[in-house]
Amino acid sequence: MIIVMRLGATQEQVDAVCSVIRERGHDPLPLPGEGRVAVGIPALLSNDERIAMEAALATLDGVSKVTQTTSPFKLASIEFHPEPTAVEVGGVRIGPGRFVVMGGPCSVESYEQFRAAADVVKAAGGTVLRGGAFKPRTSPYSFQGLALEGLKIIKQVAGETGLVSISEVMSADMVGTVGEYVDVLQIGARSMQNFPLLIEAGRSQKPVFLKRGPSATIDEFLLASEYVLNQNNPNVILCERGVMPIDRTYTRNTLDLSSVPVLKELSHLPVVVDPSHGTGVARFVAPMAKAAMVAGADGVMVEMHPNPKTALSDGSQALTPSQFEGLMGELRRLAEFSGLAL
Ligand code: PEP
Ligand code: MN
């Protein structure tokens, strides 16, 4: 529910609205807007509550109208936050007017491997360095990541290169530890509905990069983001990384690029596309990365390995350093054409 105040409504009138909302057991959310003041109620109200709340508020002085919000998510909704959000981290801005490139290997394998990848990202103009230390693998016999040793490598290399770092955290009890070593917490696709993890990541106040679950609807995706936002953490970046395919013959997942304009219509949160997991095939990464920019995404996350043939995970979708540089050149030209800073 959103209570729109009249133009020129006084602070006392706004306070009176907030008091009535509080008296009825809910937290009011002031919604600053250009030329008008509004107050939101970011909670799911029962039908009876909604009718009673509307009756109590509609006749208060200074109230212009009381509107019902249609979406199940509130804090993620564009209705509650009409301006697009930019997440700022370590001097990098992820949001309107810019296109961020996050690059790096699927997994951190050694200092030398990660440093070599970071040097390529940096030299090519990328600003965020990715690499998994805790890997969600389908098989327990596959490489599981270097864990704490990997986190230490990430922190060291990010410090040496001046890149912003991002890495996955898989469980709520590891949020504190991972947060000590990296700038942005990645919540993997398989964890999108791990609610205790979302809450803990929200509490950490670190920026959260939330990947869409392989079978998640858009509403489920945005409701997952709501768990983080709800902890007073506004720094959420949504990531489209492909959904369950109907045909795995040619691609690993189906990259749902249409989710970009859909999410932009529904939400104010930045959207980044991961064409690497979205396709699973290195040669399809560049076309999808360029399409992501044209579709309105705020950036891409691309896997790149100094030597993909030796990669301990996701080698088949990793770009080589020269393919990554080539992609950056193409993105730079497209960005210029689109009036975006890269
Ligand atoms: C990853 O980024 O390496 C990863 C495991 O991605 P996803 O959670 O999208 O599968
Ligand atoms: Mn990967």
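In each ligand, atom 1 is the first atom listed, and ligand 1 is the first ligand listed.
Contact atoms of ligand 1 toward R190: 7 (P), 8 (O), 10 (O) (distance under 4.0 Å to a heavy atom of the residue). Near C106, the atoms of ligand 1 lying under 4.0 angstrom from a non-hydrogen atom of the residue are 3 (O). Those atoms of ligand 1 with a heavy atom of G188 less than 4.0 angstrom away are 8 (O).
For the ligand labelled ligand 1, residue G132 lies outside the 4.0 Å heavy-atom shell. Taking 4.0 Å as the cut-off, Q186 counts as a neighbour of ligand 1 on heavy-atom distance. The closest approach between E303 and ligand 1 falls below 4.0 Å for a heavy atom of the residue.
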What donor-acceptor contacts under 3.5 angstrom involve side-chain atoms of residues 129-140, with partners at least two apart or in another chain?
residue: R130; atom: NE; partner: P105; partner atom: O; Å: 3.1
residue: R130; atom: NH2; partner: C106; partner atom: O; Å: 2.9
residue: R130; atom: NH2; partner: E303; partner atom: OE2; Å: 3.3
residue: K135; atom: NZ; partner: C106; partner atom: O; Å: 3.3
residue: R137; atom: NH1; partner: F143; partner atom: O; Å: 3.0
residue: S139; atom: OG; partner: Y141; partner atom: N; Å: 3.0

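Side chain to side chain, D314 and H305 fail the donor-acceptor criterion of an N or O pair below 3.5 Å.
When the options E240, R241, R130, M170 are ranked by their closest heavy atom to atom 2 (O) of ligand 1, first place goes to R130.
In terms of polar-atom proximity, defined here as any N/O pair under 3.5 Å, K135 does make such a contact with ligand 1.
Residues meeting the side chain to side chain donor-acceptor pair (under 3.5 Å) test with K264, sequence neighbours left out: D298. Listed by chain and residue number, nothing satisfies the ring-ring contact (aromatic ring centres under 6.0 Å, His included) test with F73 (two or more places apart in sequence, or in another chain).
Of all non-hydrogen atoms in S167 and I154, the two that sit nearest each other are OG-CD1, 3.5 Å.
Environment of CG in D219: crowded, with over 12 heavy atoms of neighbouring residues, nucleotides or ligands closer than 6.0 Å. More than 12 heavy atoms of other residues, nucleotides or ligands sit less than 6.0 Å from atom CZ of F114. Annotation for Q68: atom CD counts as buried by contact number, over 12 foreign heavy atoms lying within 6.0 Å. For E160, the CD atom is densely surrounded, since the number of other residues' heavy atoms within 6.0 Å is greater than 12.
With hydrogens and angles disregarded, a donor-acceptor distance shorter than 3.5 Å links the side chain of T251 to the backbone of N253. Using modelled atom types, no side-chain atom of S191 and backbone atom of N194 make a donor-acceptor pair closer than 3.5 Å.
In terms of protein heavy atoms, atom 6 (O) of ligand 1 is closest to K211 NZ, 2.9 Å. Closest protein heavy atom to atom 4 (C) of ligand 1: H277 NE2, 3.4 Å. The nearest protein atom to atom 8 (O) of ligand 1, hydrogens excluded, is given as A189 N, 2.7 Å; this is a heavy-atom distance.
Around the Mn ion (ligand 2), protein atoms of type N, O or S found under 2.8 Å number 4.
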